[in-house]
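The structure appears right after this line, and notes come after that.
We're numbering straight along the sequence, starting at 1.
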Amino acid sequence: MTAEKRVAPAADYDQFVNWEKRLAREAPLFRTQFHEVGAERVLDVGAGSARHSLMFATWGLEVLAVDPSESMLSQARENVAAAAGEVAAAGGSVALVSAGFGELASLDAGLFDALICTGNALPHVGGTEKLHDALADFAAVLRPGAVLILHLLNHARLLESKPRSIPPVVRETEGGTKLFLRVMDYPEGADHMDFDFLTLVRDSSGDWDLTHRSSSHTLLPPDVLVPALERAGFERIELLGAHDGTPLDASADESVIVVARRS
């Protein structure tokens, strides 16, 4: 195994996630929520490689996908280019913009009918004070009655049991066998957890190569997130444990999906 410490490429994210299966599982919830508010314009915050944005665009929606990572935006551009024909045929669109939390209103892009923040992006907000700024920024770019959908790891469960890892994922790729690992640490008394996303690649010679991404995730259990949403001007807040609408079991569910309306 190589000892050099290198950052994992954004393309690893697309290989790590089984997008066909994931989008098929999540699509009904998004369709239902978008239909309820008559959504035509969607803002995808922390859009990553733009897989959700592209799904929405194939439904004929206008999507603005924003992410602060140039690496992720580069991968998103490849994905958007590959799906250009399908998106155009559906009458939708995807625009990609570099922006982070708290910077949405400054884009001067008008108001949106729906805002999503998925893929455990929100915990990258950088602390609870910045969380309030980010949620206020979300509210500022949504019309009254618009829908907000968040998807992140269930921090209530993580704080209760403090698991050190999430089950590994193995994929066979053109570059060799890839093993994806997620390792977590919980600094005592801190409002964050340390999160390492590691990728090990075994090439044809049998050697393993290691890359990784390290980040600090602000802890956002429901007792932190819900009051912050209310303070920012959101109401009708629902906490789900799955995209099929099952209510959250805070002690058992791996993820939490938040659905709320802009007041």
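A donor-acceptor pair is defined here as one N or O able to donate and one able to accept, closer than 3.5 Å; no such pair exists between the side chain of D249 and the backbone of D253. Proximity of a side-chain donor or acceptor of S161 to a complementary backbone N or O of R157 within less than 3.5 Å is detected. Put simply, the side chain of D67 gets close to the backbone of G48: a donor and an acceptor are under 3.5 Å apart. Judged purely by atom type and a 3.5 angstrom limit, D203 uses its side chain to pair as donor or acceptor with the backbone of G206. The backbone N or O of G127 lies less than 3.5 Å from no partner atom in the side chain of K130, so there is not a single donor-acceptor pair. Put simply, the side chain of D137 gets close to the backbone of L104: a donor and an acceptor are under 3.5 Å apart. For the pair S74 (side chain) and S71 (backbone), a donor-acceptor distance under 3.5 Å is absent. When atom types are taken as modelled, the side chain of N120 and the backbone of L153 share a donor-acceptor pair closer than 3.5 angstrom.
Across all their heavy atoms, A139 and R262 have their closest contact at O-NE, 2.9 Å. When all heavy atoms of R182 and P167 are compared, the closest pair comes out as NH2-O, 3.6 Å. Listed here is the closest heavy atom pair of A114 and F34: CB-CE2, 3.6 Å. Nearest heavy atoms, A156 versus P221: N-CB, 4.0 Å. The heavy-atom pair separating A90 from A57 by the smallest distance is CB-O, 3.8 Å. Residues P222 and L248 come closest through the heavy atom pair CG-CD2, 4.0 Å.
L96 and V63 fall within a single hydrophobic cluster, where Ile, Leu, Val, Met, Phe, Trp and Tyr side chains are chained together by heavy-atom contacts under 4.5 Å. Transitive grouping of hydrophobic side chains (ILVMFWY, heavy atoms separated by less than 4.5 Å) brings L200 and V183 into a common cluster. In terms of hydrophobic clustering, with Ile, Leu, Val, Met, Phe, Trp and Tyr side chains grouped at heavy-atom distances under 4.5 Å, I149 and V17 are assigned to a common cluster. Both L23 and V259 are assigned to one and the same hydrophobic cluster, defined by single-linkage of ILVMFWY side chains at heavy-atom distances under 4.5 Å. L240 and L148 fall into different hydrophobic clusters, where Ile, Leu, Val, Met, Phe, Trp and Tyr side chains are chained together by heavy-atom contacts under 4.5 Å.
Using a 4.0 Å cut-off between charged nitrogen and carboxylate oxygen, D185 and R164 count as a salt-bridge pair.
Taking the side chain as every heavy atom from C-beta outward, H243 and P28 never approach each other to under 4.5 Å. D113 has its side chain within reach of R143: a pair of non-hydrogen atoms, C-beta onward, lies under 4.5 Å apart. Counting heavy atoms from C-beta on, the side chains of T177 and V201 never come closer than 4.5 Å. Side-chain contact check for L181 versus V169: every heavy-atom pair is 4.5 Å or farther apart. The shortest side-chain heavy-atom distance between L54 and V94 falls under the 4.5 Å cut-off. Annotation: side chain of T118 is in contact with side chain of F30 (closest heavy-atom distance under 4.5 Å). Between D194 and Y186 there is no side-chain heavy-atom pair separated by less than 4.5 Å. For the pair L198/F180, no side-chain contact is recorded, criterion being any heavy-atom separation below 4.5 Å from C-beta on.
Put simply, CG on L43 and CG on L142 are 7.5 Å apart, with the number rounded to the nearest 0.5 Å. Note that NE2 of H212 is 12.0 Å distant from CZ of F197, once rounded to the nearest 0.5 Å. Interatomic distance, CG of L107 versus CG of L64, reported as 6.5 Å (0.5 Å rounding). Rounded to the nearest 0.5 Å, atoms SG (C117) and NE2 (H151) are 11.0 Å apart. Note that the CG atom of D191 and the CG atom of L219 stand 7.0 Å from one another [nearest 0.5 Å]. Remark: R51 CZ to N79 CG distance equals 4.0 Å, nearest 0.5 Å.
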Pair R31-E36, salt bridge (charged side-chain N to carboxylate O under 4.0 Å, His left out): steps then yes or no: CA-CA 9 Å; R31 278 192 180 275; E36 286 186 5; over 6 Å; no
Chi angles and distances behind the side chain to side chain contact (heavy atoms under 4.5 Å, CB included) call for V141, L115: CA-CA 9 Å; V141 296; L115 187 156; 4.0 Å; yes
Derivation of the side chain to side chain donor-acceptor pair (under 3.5 Å) call for R261 and Q33: CA-CA 10 Å; R261 293 287 190 275; Q33 294 298 327; 3.1 Å; yes
Step-by-step side chain to side chain contact (heavy atoms under 4.5 Å, CB included) determination, F101 to V45: CA-CA 8 Å; F101 294 121; V45 181; 3.8 Å; yes
Chi angles and distances behind the side chain to side chain contact (heavy atoms under 4.5 Å, CB included) call for M193, M184: CA-CA 7 Å; M193 57 185 284; M184 299 166 291; 3.3 Å; yes
Kindly list each side-chain donor-acceptor pair under 3.5 angstrom involving residues 227-234, sequence neighbours excluded, with atom names and distances?
unit_1	atom_1	unit_2	atom_2	d
R231	NH1	H132	NE2	3.1

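Crowding of E20 atom CD: a count of heavy atoms from other residues, nucleotides or ligands under 6.0 Å not exceeding 12. In this structure, R22 places its CZ atom where more than 12 heavy-atom neighbours from other residues, nucleotides or ligands lie under 6.0 Å away. Around atom CZ of R77, more than 12 heavy atoms belonging to other residues, nucleotides or ligands sit under 6.0 Å away.
Here the rule is side-chain contact (heavy atoms from CB on, under 4.5 Å) with L225, and of T218, V256, L152 only L152 fits it.
For T173 and Q15, the side-chain atoms include no donor-acceptor pair closer than 3.5 Å. For N154 and S255, the side-chain atoms include no donor-acceptor pair closer than 3.5 Å.
Taking the centre and axis of the six-membered ring of F112, the NZ or CZ atom of R41 falls inside the cone set by 45° and 6.0 Å.
A ring-centre distance under 6.0 Å is found for H52 and W19. Aromatic rings of H217 and H155 (six-membered ring for Trp) have centroids beyond the 6.0 Å cut-off, not under it.
Applying the side-chain hydrogen bond (donor to acceptor under 3.5 Å, both in side chains) test to residues at least two apart or on different chains, none of the pairs has a partner in residues 83-111.
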